[in-house]
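The chains referred to below are lettered A, B, ... by the order of the sequence lines, with proteins before strands, and numbering in each begins at 1.
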Amino acid sequence: MRLSRYFLPILRETPKEAEIASHRLMLRAGLIRQESAGIYAWLPLGLRVLDKVTAIIREEQDRSGAVELLMPTIQSADLWRESGRYEAYGKEMLRIKDRHDREMLFGPTNEEMITEVFRGYVRSYKDLPLNLYHIQWKFRDEIRPRFGTMRSREFLMKDAYSFDLDEAGARHAYNRMFVAYLRTFARMGLTSIPMRADTGPIGGNLSHEFIILASTGESEVHCDKSVLDLSIPTAETDFEDVAGLQKIVDAWTTPYAATSEMHDEAAFAAVPADRKVSARGIEVGHIFYFGTKYSEPMDAKVTGPDGQERPVHMGSYGIGPSRLVAAMIEAFHDEQGIVWPDEVAPFKVALMNLKVGDAGTDEACETLYRALTARGIDVLYDDRDERPGAKFATADLIGLPWQVLVGPKGLAEGKVELKRRATGERVLLSVEDAVLRLSA
RNA sequence: CGGGGCAUAGCGCAGUCUGGUAGCGCAUCUGCUUUGGGAGCAGAGGGUCGCAGGUUCGAAUCCUGCUGCCCCGACCA
């Protein structure tokens with residue numbers, strides 16, 4: 001992509017409403033634009049990051065055995081009356097009426113709807129286990145949205161719903177998601193800690209929040225730091241292996257780790273002092289097992305091997321990609337701007353022509369741009385007629401992992417400069433070697 | 001929902017107290033010079049001063065009502 005033809009509205013000054021680093025940088029780097037309180041438009045660069053994040057989430061959901069579908073944002077109030085949540089959910093739910101005065105709502109979550117889909121088709125235990133997920137916009141009319149997309153009213157959510165014949169099956173479904181979540185966040189370069197959590201209005205008795213430690217986090221958390229030394233399950237993990245998955249989950253849930261709502265002072269006191277961590281964290285995922293809470297009132301039943309009909313055991317599993325983008329910036333930024341991990345960077349390379357109009361730099365840049373693009377590498381080519389300083393500042397702000405600096409100074413010796421955004425490390429290479437290095 | 005604050009050019013702000021017909025920096029456009037860490041000079045464009053009423057010869061400024069946004073708190077898969 002040529003920057004001169006792209007839409008990258010970066011801001012030189014920080015809008016006054018932005019308090020935390022991620023919000024400030026998302027606005028400055030042209031990732032998002034606020035349209036109302038807690039409601040944001042995703043600009044081209046931000047959308048690319050969001051797409052990278054959801055792509056990783058999809059891969060890991062699919063790997064664990066979940067199946068993607070897509071449900072609507074608008075739901076019928078009647079569906080929510082079946083579960084009893086239409087009255088219970090409160091003002092956080094955006095209630096709307098259509099032209100026929102029918103009561104509708106903008107979905108804050110989809111337990112009711114997925115249960116409705118399930119019961120419409122599934123009759124036998126032979127069709128289980130089943131885990132259906134989608135990635136869809138949600139709306140929760142938060143009392144006070146803040147911190148940009150960290151706590152917005154409209155937000156993107158990956159929500160998965162598992163269906164099993166009994167509790168043992170549901171535990172396995174829960175463990176699948178547990179492991180998938182560990183892998184998902186690790187692939188984004190984040191260290192997530194599963195913590196025993198309150199189940200909130202969704203209900204049930206088994207729940208973990210996946211927390212990223214960050215000083216700007218909204219949750220207060222306590223843990224044994226030995227949890228940080230555990231290794232992430234590999235891509236070869238067998239998700240059908242019930243005992244194997246349970247072993248992984250047991251290992252991760254043995255060290256003390258809890259959010260403030262579930263904090264147990266006595267248990268925490270038993271953790272050796274040098275391993276105690278009390279900090280703030282950002283909740284990026286939350287998994288629940290809630291048994292037959294919805295299947296019972298909504299009549300989602302299957303026939304078991306014994307010929308008996310019984311309500312299915314369910315769980316739900318959420319990740320907030322739009323919040324994750326903000327959380328990643330909290331974790332990966334410096335004075336100059338964002339420092340994207342390779343896996344989620346909107347482009348891999350910032351190609352910078354330091355003297356547009358100079359025959360030598362123009363030609364070298366065109367050669368690099370074509371060669372890298374031909375190799376399937378995402379390149380943002382800064383071909384604007386700007387001074388070098390402005391280009392450096394832009395590149396550092398948007399935080400692409402690699403910068404290729406092409407100027408008369410280097411070309412005099414037949415070299416371009418390759419700079420790693422994260423470390424500031426620079427090497428001089430020929431055009432050909434730069435292409436090879438970036439293709440590796 | 002309680003408490004506090006803000007609303008003037010794309011962004012950041014001054015002007016409001018003490019009423020006289022709107023200004024600064026950055027950004028944008030044009031020209032010349034410049035070109036390895038957000039350039040310099042010269043010129044130009046851009047505003048229903050959040051909205052609606054009211055007071056006044058005259059309102060960004062005073063009065064009333066409303067709306068939007070931000071911060072603190074409580075709340076929150």
Subject >> B/rC75 phosphate, OP1 or OP2, under 4.0 Å from A/Arg144 side-chain N/O >> reply: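 Checking A/Arg144 against B/rC75: no side-chain N or O falls below 4.0 Å of OP1 or OP2.
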Original post:
Can you check whether A/Gln336 has a side-chain N or O nearer than 4.0 Å to OP1 or OP2 of B/rG37?
Top reply: no
Output yes when [X] and [Y] qualify as a salt bridge under the 4.0 Å nitrogen-oxygen rule, no when they do not.
X: A/Arg323; Y: A/Glu330; value: no
X: A/Arg187; Y: A/Glu60; value: yes
X: A/Arg421; Y: A/Asp334; value: yes
X: A/Lys301; Y: A/Glu296; value: no

With a 6.0 Å cut-off on ring centres, are [X] and [Y] close enough?
X: A/Tyr181; Y: A/Tyr317; value: no
X: A/Phe155; Y: A/Trp137; value: no
X: A/Tyr174; Y: A/His172; value: no

Subject >> Set of ring pair (Phe, Tyr, Trp, His ring centres under 6.0 Å) partners for A/Phe268, sequence neighbours left out >> reply: A/His222, A/Tyr256, A/His263
Original post:
Could you run down nucleotides 5-12 of chain B 5' to 3' and tag each one B, S or - for protein heavy-atom contact under 4.0 Å?
Top reply: -S----BS
For residues 393-406 of chain A, tabulate all N or O donor-acceptor pairs below 3.5 Å that involve a side-chain atom, not counting sequence neighbours.
unit_1	atom_1	unit_2	atom_2	d
A/Thr394	OG1	A/Arg384	NH2	3.4
A/Thr394	OG1	A/Ala390	O	3.0
A/Asp396	OD1	A/Gln403	NE2	2.8
A/Asp396	OD1	A/Lys419	NZ	3.4

Sticking with atom [atom1], work out how far [N] lies from [M], rounded to a whole angstrom.
N: B/rC17; M: B/rC62; atom1: P; answer: 5 Å
N: B/rA7; M: B/rC75; atom1: C1'; answer: 27 Å
N: B/rC24; M: B/rG36; atom1: P; answer: 32 Å
N: B/rA60; M: B/rU56; atom1: C1'; answer: 16 Å

**OP:** Report the residue (A/Lys355 or A/Glu92) whose heavy-atom-nearest nucleotide on RNA chain B is the more 5′ of the two.
**Re:**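 In this pair, the answer is A/Lys355.
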Original post:
Mapping A/Ile10 and A/Val356 onto RNA chain B by nearest heavy atom, which one lands closer to the 5' end?
Top reply: A/Val356
**OP:** With a 4.0 Å heavy-atom cut-off, tell me which residues in residues 382-411 of chain A come close to RNA chain B, sorted by residue number.
**Re:**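 Per residue number, the list reads A/Arg387, A/Pro388, A/Gly389, A/Ala390, A/Phe392, A/Ala393, A/Thr394, A/Asp396, A/Leu405, A/Gly407, A/Lys409, A/Gly410.
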**OP:** Please work out which residues in residues 38-67 of chain A have a non-hydrogen atom less than 4.0 Å from an atom of RNA chain B and list them by number.
**Re:**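 Under 4.0 Å from RNA chain B: no residue of residues 38-67 of chain A.
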**OP:** Answer with yes or no whether A/Lys419 presents, from its side chain, a donor or acceptor under 3.5 Å of a partner atom in the base of B/rG37.
**Re:** yes
Original post:
With distance as the sole criterion, do the side chain of A/Arg146 and the base of B/rG73 form a donor-acceptor contact below 3.5 Å?
Top reply: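 No, no donor-acceptor pair under 3.5 Å.
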Original post:
According to the side chain to side chain donor-acceptor pair (under 3.5 Å) rule, which pairs have a member within residues 339-349 of chain A, sequence neighbours left out?
Top reply: A/Asp342-A/Arg420
**OP:** Grab the two heavy atoms, one from A/Tyr40 and one from A/Gly148, that are nearest each other, plus how far apart they are.
**Re:** OH-CA, 3.2 Å
